[in-house]
Structures are given as C-alpha cells and as structure tokens.
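Input: a single structure, listed below in structure tokens.
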Protein chains: 2
Amino acid sequence: MKEGPDIAYIASLIGDPARANMLTALMSGKALTASELSYEAGVTLQTASSHLSKLDEGGLLRVRKQGRHKYFSLANEDVAGVLEGLMGLAAGSGHLRRRIGPQDAQLRHARVCYNHLAGDMGTQLFDSLMAQGHLALTGDELCLTASGEAFVADFEIDLTALRRGRTPLCRECLDWSERRSHLAGSLGRAFLRRFEELSWAKREPETRVISFSREGAREFNQLFAPGRLMP
Amino acid sequence: MKEGPDIAYIASLIGDPARANMLTALMSGKALTASELSYEAGVTLQTASSHLSKLDEGGLLRVRKQGRHKYFSLANEDVAGVLEGLMGLAAGSGHLRRRIGPQDAQLRHARVCYNHLAGDMGTQLFDSLMAQGHLALTGDELCLTASGEAFVADFEIDLTALRRGRTPLCRECLDWSERRSHLAGSLGRAFLRRFEELSWAKREPETRVISFSREGAREFNQLFAPGRLMP
DNA sequence: GAGATGCTTCGATTATGATCGAAGTATGAA
DNA sequence: TTCATACTTCGATCATAATCGAAGCATCTC
C-alpha cells in the first residue's frame, strides 16, 4: 500500500512542455496574464487556460484577478526551489532543449530566480555576505547579523519595510548552474532591486537573463569581492 | 526560442506513477534489483525494465551489474533532493495518495532519506548539532567544527574513514515534512548507521520508516536535546 | 548440458491527455 | 448600449506512451 505525498501527480504537472514553459517564464518572479503565458507556451489561449487550471489545482500557482485580467505567479519559493532543482538535474545529465548558445552562458552568469539574483553572480553575493559575517546560520535559520544590518543600511536597503512583509528576510536557494546557495527571501529580492536602481544591472526583456554593465560589475566585484575571507 | 534545461523531460520521468513508486523506494538509499522494483511499482518485470531504462537515460539512476542481477540506486543526492522537494509540494498542497494513516505519521517522525535520518528526528539532529557549534557554515560549505570532531569521535564514528570517500562529509538536505534542513552527506549516513548499531533505531522492512526504541529515543533526546542553545 | 532465474526487447493494444474550433461569460472602453 | 478584449468551458480528434504476452539473451546452479 503506497502512502505519502503523490510526487507523480506534481511531477506530471511539470512534465508537460507547455506547462513547463509557463512555469519557467514565471521564474522571473513577475506575474503574467493567461494571454502572456499562452504565448510563452506556444499554445492557444484555451489550451493555456486548461493548463493553468491544472497548475492551480496542484497548488503550484498564485492567482490574482484584476478586472478582466487574471495574473498568475508561482505559489511560493518552494515551487521555485523544486524547479531550480529539476533544472540542475536536466543540465547535469545534459538534457537541454537547444545546444549551448549565448543565452545559456548568460543565464549561468546572472539570471533572475523568482525575483532574486542567481547564477555565478548570485552565488558570489551569497558567499561574500557569508564570508564577511553579514549572514550566519543560527540553528536552522539563515539570519542577517548585526554587521549585516549595518552593511545593508549603508547600501540603502530599507530593512524595516522588508521585515513588515510575510516573506522571510533571508533564505537559501540552491542554484542550478552553480550547485550552491544563492540568497533568496525578501533581502535577496531587495538586493536585485537595488542593483537595478543603481543601474548596475538590468533584466533582459522576455528572458531571465540579467546583464551587468561594465561599471556595475566593477562596483559589484568591489563590494562583494570573490574569495574575500573574513578578517 | 526556448533554451536551457529541459525540466519537462526530467519531470515527466518522475510523473509516471510506476516510476515514481520506484524512485520513492530508492529513497531508502538501498540498491534494489529490477525484480524488486517491479514489485514496488506493481507492474510486470518487462514494464519495469522499460521504465528503468528511461530513468537511467535521464540520469536519475546509478546502475550496477552483478552476474545476472542488476542493482539500481538513485544517481546522487541531488536526485534525492528534488524528490524531497516534490514531496514537500505534494504534501503542502494536500496531494497524498491515501488518507493520513499510521505510516504517514511515522514517516514524518523519522524516516530514511537516501541513507540518512530525516523527519522530525532528522531535523532535531541537525538543529542540535548546529546549536552546539558542532556544525557551522563557512562560506557556502557546511562544515564539522573542531568541537564537532571531538563530539563525533566520542560517539565512535570514524571520521578518517568517512573522509576517504568521495561523498561530502556534511551537506544540508531540505526535509519535506519539516521544511527545514536535516543532515545529509557521509556524516549524516554515519549517524544513522550508528543509531542502528546502538539499537536505538531500526529500519522497518519494506518501508522508509525508522523506528526508535523507547530507550533509543531517550538516549537520542539526551544527546541531541531539542531546543538546546549554544552556551 | 539442462533447467531455472534475472532481465531485455518486440509488437499489439488501449487508456490518457494535449489540442483547438466553437461557443459562452465577464469586464472594459467608447 | 455596443463592440472589443480576456478568459473559460465543451466536445471531438489524435498522438503518445504505459502495459503485458511472447520470445530471446545472459547468468547461475545442479
């Protein structure tokens, strides 16, 4: 007698190419309409509607209605985490949808993962913050330290506002291309927003690629030096 | 143009009930034969053979041949991690294959996850080791501290032997029932083996449930006290 | 060598689910 | 109010893949 979670059900939801494309598009963290998602999936609107209904029933989506528009986003970071893990497995076993191309390298370098920075630069951010003692693991929780609070305030991120939300401040997210953690949670999102505000980085339209300007990369590397050790 | 890892392919492999049952059986960390897995999946041997071939091509399995026997195990901890994540999503959205029964509670309490301890007791072990400073995050790595080495040696786990293998010593694994980390890696496995040696705990046949004896639970709680804070 | 056991491959069957045209409902704009 | 737009539902079509009986190959035991 088989008991326990029905992983086949959830996996089969992700296992359809149209639905997988929609979920991947939602990894940007943006909320998209049914029409936009049907375009992403390359199917008609009626087919997309049927797929979205299934994903919603599976608990993978968050749905918000605004007049005649219906906005879909991923339900939570756990969903994003599983999708990242599947990406890691697919990449690790060489199951890619196209030959390695320019965008693939860009995705590995820096990309948006549910609104926070992922890829090479994402893990560099995390490593640097850990190494500088700005983040620490207390029990099971990833926490911002006192020195981290000062650092973040200097960087003009408003912690009070972040703490008002329900999203955890700091959370680890396993990076599919680096196979190590990058920073998720509201602080992770705030960092990406700040990089955008400073014009260090921008999101490429229609993709999850994040491009850093030359100046932005220089500033980023200065502030979050790779391989910096704790004093 | 869709680029990047083909998550639909990997997910569709997991999304078949027979294959999901086989993968779940392999979460115990044991290597099982094709015949055993066909029984687990409730299909004929020829069907199981076809499924196993697919899982192998997808990179989800490790296959070893011994005479006429063929042994299958999960390819690595990443696969186990994704399966745990899917379990979390299914459980979180209430998609269970049977109504909550006695075994479900047992699985949540203590179960084997790719050869290490998971569930309530698994996260308690992790939390306690972290709180006592025996484990620490250095950069991105989960490491055993000096005090942890002493603790482990006292507990009669041979670190020299563990370090000879290729498996990382310490690794975090996200627990589907607790939604927090439990200890994976060779040390995590060694702990479970030690609990078995001491007759504190035993694996229930044909399931992933781990049962602690009353005495074993008492000893475990004494050594890995819940809620113990760092001095 | 003969028979048993473990596993693979082949091919036919059939259940499943993605798909889209058509039609309908809900909302927004003029 | 009318028309346009966003989305849902229905039902027929058809491609796909799981399934198993049959047959074959590999290994083990007596």
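Side-chain atoms are counted along with the backbone in the values below, which use heavy atoms only and exclude waters and symmetry mates. Here is the naming used below: chain letters follow the sequence lines, and residue numbers restart at 1 for every chain.
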Next on the checklist: If I take atom CG in residue L55(B) and atom P in nucleotide dT8(C), what distance separates them, rounded to the nearest angstrom?
Outcome noted: 12 Å
Checklist entry - Any side-chain donor paired with an acceptor under 3.5 Å for R19(A) and H51(A)? => result yes
Checklist entry - Quick one: E36(A) CD to dT5(D) C1', roughly how many Å, whole number? => result 14 Å
Item to check | Sugar-phosphate, base or nothing in reach of T33(A), heavy atoms under 4.0 Å | outcome: sugar-phosphate
Next on the checklist: Please determine whether side chain to side chain donor-acceptor pair (under 3.5 Å) holds for the pair T207(A) and E204(A), giving the CA-CA distance in whole Å, both sets of side-chain angles, and the decisive distance to 0.1 Å.
Outcome noted: CA-CA 6 Å; T207(A) 80; E204(A) 294 298 334; 6.0 Å; no
Checklist entry - Taking only N and O in the side chain of S35(A), is any of them less than 4.0 Å away from OP1 or OP2 of dC7(D)? => result yes
Checklist entry - Are R189(A) and Y114(A) in a cation-pi setup, meaning NZ or CZ lies under 6.0 angstrom from the ring centre and within 45 degrees of the ring axis? => result yes
Item to check | R194(B) NZ/CZ over F155(B) ring centroid, <6.0 Å and within 45° of normal | outcome: yes
Checklist outcome for this item: the helix from dG1(C)-dC30(D) to dA30(C)-dT1(D): angle between terminal helix axes, five bp per end, to the nearest 10 degrees, reads 30°
Item to check | Nearest-angstrom distance from the residue atom CG of L52(A) to P of dA6(D) | outcome: 15 Å
Next on the checklist: Rounded to whole Å, please give me the gap between CG in L32(B) and C1' in dG6(C).
Outcome noted: 15 Å
Checklist entry - Would you call the rings of F220(B) and F195(B) parallel, tilted or perpendicular if under 30° counts as parallel and over 60° as perpendicular? => result perpendicular
Checklist outcome for this item: Nucleotide by nucleotide, nucleotides 16-30 of chain C touches protein heavy atoms under 4.0 Å in the pattern (B base, S sugar-phosphate only, - none) --SSBBB----BS--
Next on the checklist: In whole Å, I'd like the distance from the CZ atom of R64(A) to the P atom of dC7(D).
Outcome noted: 14 Å
Checklist entry - Tell me: CG of D56(B) to P of dC7(C), nearest whole Å? => result 14 Å
Checklist outcome for this item: Separation between NE2 (H182(A)) and CE (M121(A)), nearest 0.5 Å, reads 14.0 Å
Checklist entry - Any donor and acceptor pair, going by atom type alone, linking the side chain of S53(A) with main-chain N or O of S49(A) inside 3.5 Å? => result no
Checklist entry - Donor-acceptor pair, D175(A) side chain versus S181(A) backbone, under 3.5 Å? => result no
Item to check | Residues in side-chain hydrogen bond (donor to acceptor under 3.5 Å, both in side chains) contact with Q46(A), at least two apart in sequence or another chain | outcome: none
Checklist entry - Whole-Å distance between dT9(D) C1' and E57(A) CD? => result 13 Å
